[in-house]
Amino acid sequence: MLVEHRSGRLAAWGNALLAGFVAPDDAAHHITADDAVHRVAGLPGESGPVGLTLALGRLRALGATGLRLALPVPGHPLGLSGPPEFNARAMEAEEAVVVSGVALGLVPEVAEAGPAGDVHVEVVWHCLPVREAPPADVPSLGEAERELAEALREATEVLTRLDVAGSGPVAQAALEAYRARAEAGREVLAPGYPPRAVRVLELAQRVGALVSIAYEPGDREGREHGGAVSASEIAARAAALRPVERTARRAQVAAYNAPVEERERGRR
């Protein structure tokens, strides 16, 4: 969870474009970031993949009113609304974007190309129909903020009790280094987002970083896990981290989706 999701960038800068805060070329530039190229395949009215700038303009012309982030994992279809084909693609990628107003969704397929030492990343967004229904399990910003504060407090207590490396000074140093890299390398969200959404996303990313660091130098595949030296301690650590990780993902989705949720609440 230390890496910013491409679907998050697409949702944030796509929302900024739809709200009139940035031009299409600027939005495409920020979405692409360090990748070599992004294309969109399956867009209505197009016979083949097209560039991001054209795709964003086409979505706007089709009636798109907002972009929502989805961060599903097995057992937790966070941000999805169906149908099964789209949900399966999104679940495999563990991320997607749902377009409000035109019942379409976008799932990234990431590939590396080029010789060793000169590898570049290419992304194809697959455009598929989605069901027009409320997304699964997405909290409000206020709910997400409260959940994060509670989850961080509980996780810190549990991990400290288990002598987990991720709860001590080494983890704090790693978190500070992560924050410095993040501040130097990217903007938080995009123009037009409310300050509370930025605050929630920053806290969610901090909690996500804590979860990732707490798994190191072991991992989710069962290798040695930091200060935990027995199977029971490893299981206890996983049990403590699982709900925290879930809460952080829910909060990230709430932050990225804030403009769409606020606009739709105003229509009710």
In short, Thr247 meets Ala151 closest at the heavy-atom pair CG2-CB, 4.0 Å
Please check if any side-chain donor atom of Asn15 sits under 3.5 Å from a side-chain acceptor atom of Tyr193, or the reverse. yes
Minimal non-hydrogen separation, Ala258 against Pro194, with atom names: CB-CG, 4.3 Å
More than 12 heavy atoms of other residues, nucleotides or ligands under 6.0 Å from CZ of Arg39: yes or no? no
Check Gly105 against Val130 and note the closest heavy-atom contact, atom names and distance. N-CG1, 3.4 Å
Under-4.0 Å salt bridge between Asp35 and Arg9: yes
Taking atom CD as the centre, does Glu92 end up with more than 12 heavy-atom neighbours from other residues, nucleotides or ligands that are less than 6.0 angstrom away? no
For the hydrophobic clusters of this structure (ILVMFWY residues joined by side-chain heavy atoms under 4.5 Å, transitively), does one cluster hold both Val50 and Val110? yes
Out of curiosity, Leu67 CG to Asn257 CG, how far, rounded to the nearest 0.5 Å? 9.5 Å
Decide if atom CD of Glu46 counts as having more than 12 heavy atoms of other residues, nucleotides or ligands within a radius under 6.0 Å. yes
Between Ala16 and Ala190 the two heavy atoms that sit nearest each other are CB-CB, 4.0 Å
Check this for me: His29, atom NE2, are more than 12 non-hydrogen atoms of other residues, nucleotides or ligands nearer than 6.0 Å? no
With side chains defined as the heavy atoms from C-beta onward, is the minimum distance between Val40 and Leu106 less than 4.5 Å? yes
Do Pro24 and Leu17 make a side-chain contact, defined as non-hydrogen atoms from C-beta onward lying under 4.5 Å apart? yes
Test item: His5 and Glu94 side chains (from C-beta on) under 4.5 Å apart, heavy atoms: no
Cationic N near anionic O, under 4.0 Å, Arg6 to Glu95: no
Would you compute the distance between atom CG of Leu71 and atom CG of Leu78 and round it to the nearest 0.5 angstrom? 6.0 Å
Give a yes or no on whether Trp13 and Val107 share a hydrophobic cluster (residues Ile, Leu, Val, Met, Phe, Trp, Tyr; joining criterion: side-chain heavy atoms under 4.5 Å apart). no
Output for pair (Leu128 CG, Phe86 CZ), nearest 0.5 Å, gives 6.5 Å
Ignoring hydrogens, what is the shortest heavy-atom contact between Val207 and Ala248? Give both atom names and the distance. CG1-CB, 4.0 Å
Hey, could you give me the CG/CH2 distance between Leu10 and Trp125, rounded to the nearest 0.5 Å? 4.5 Å
Residues Thr65 and Arg263: side-chain donor-acceptor under 3.5 angstrom: no
Verdict with supporting geometry, Leu43 and Leu59, side-chain contact (heavy atoms from CB on, under 4.5 Å): CA-CA 8 Å; Leu43 196 65; Leu59 288 172; 3.8 Å; yes
Which heavy atom in Ala90 sits nearest to a heavy atom in Ala96, and how many Å separate them? CB-CB, 3.6 Å
Would you check if there is a donor-acceptor pair between the side chains of His126 and Glu109 at a distance under 3.5 Å? yes
Under 3.5 Å: donor-acceptor pair, side chain of Arg58, backbone of Pro44: yes
Linking I/L/V/M/F/W/Y whenever any side-chain heavy atoms sit under 4.5 Å apart, do Val98 and Val124 land together? no
Indicate, with yes or no, if Val123 and Val99 share a hydrophobic cluster defined by side-chain heavy-atom contacts under 4.5 Å among Ile, Leu, Val, Met, Phe, Trp and Tyr. yes
Apply side-chain contact (heavy atoms from CB on, under 4.5 Å) to Arg68 and Glu261, showing your working. CA-CA 9 Å; Arg68 283 189 171 99; Glu261 298 297 336; 2.9 Å; yes
Heavy-atom check, side chain of Pro49 versus side chain of His38, under 4.5 Å: no
Would you say the side chain of Arg196 lies within less than 4.5 Å of the side chain of Glu145, judging by non-hydrogen atoms? yes
Hey, could you give me the OG/CD distance between Ser140 and Glu147, rounded to the nearest 0.5 Å? 8.0 Å
Between Arg246 and Asp137, is any pair of side-chain heavy atoms under 4.5 Å apart? yes
Roughly how far apart are Leu104 CG and Cys127 SG, rounded to 0.5 Å? 4.0 Å
Let's go through Glu132 and Ser81 carefully: what are the C-alpha distance in whole Å and the side-chain angles of both, what is the deciding distance for side-chain contact (heavy atoms from CB on, under 4.5 Å) to 0.1 Å, and is it a yes or a no? CA-CA 7 Å; Glu132 292 188 276; Ser81 58; over 6 Å; no
Does a donor on one side chain and an acceptor on the other come within less than 3.5 Å for His76 and Arg249? yes
For Glu143, is there an ion pair with Arg250 - N to carboxylate O distance below 4.0 angstrom? no
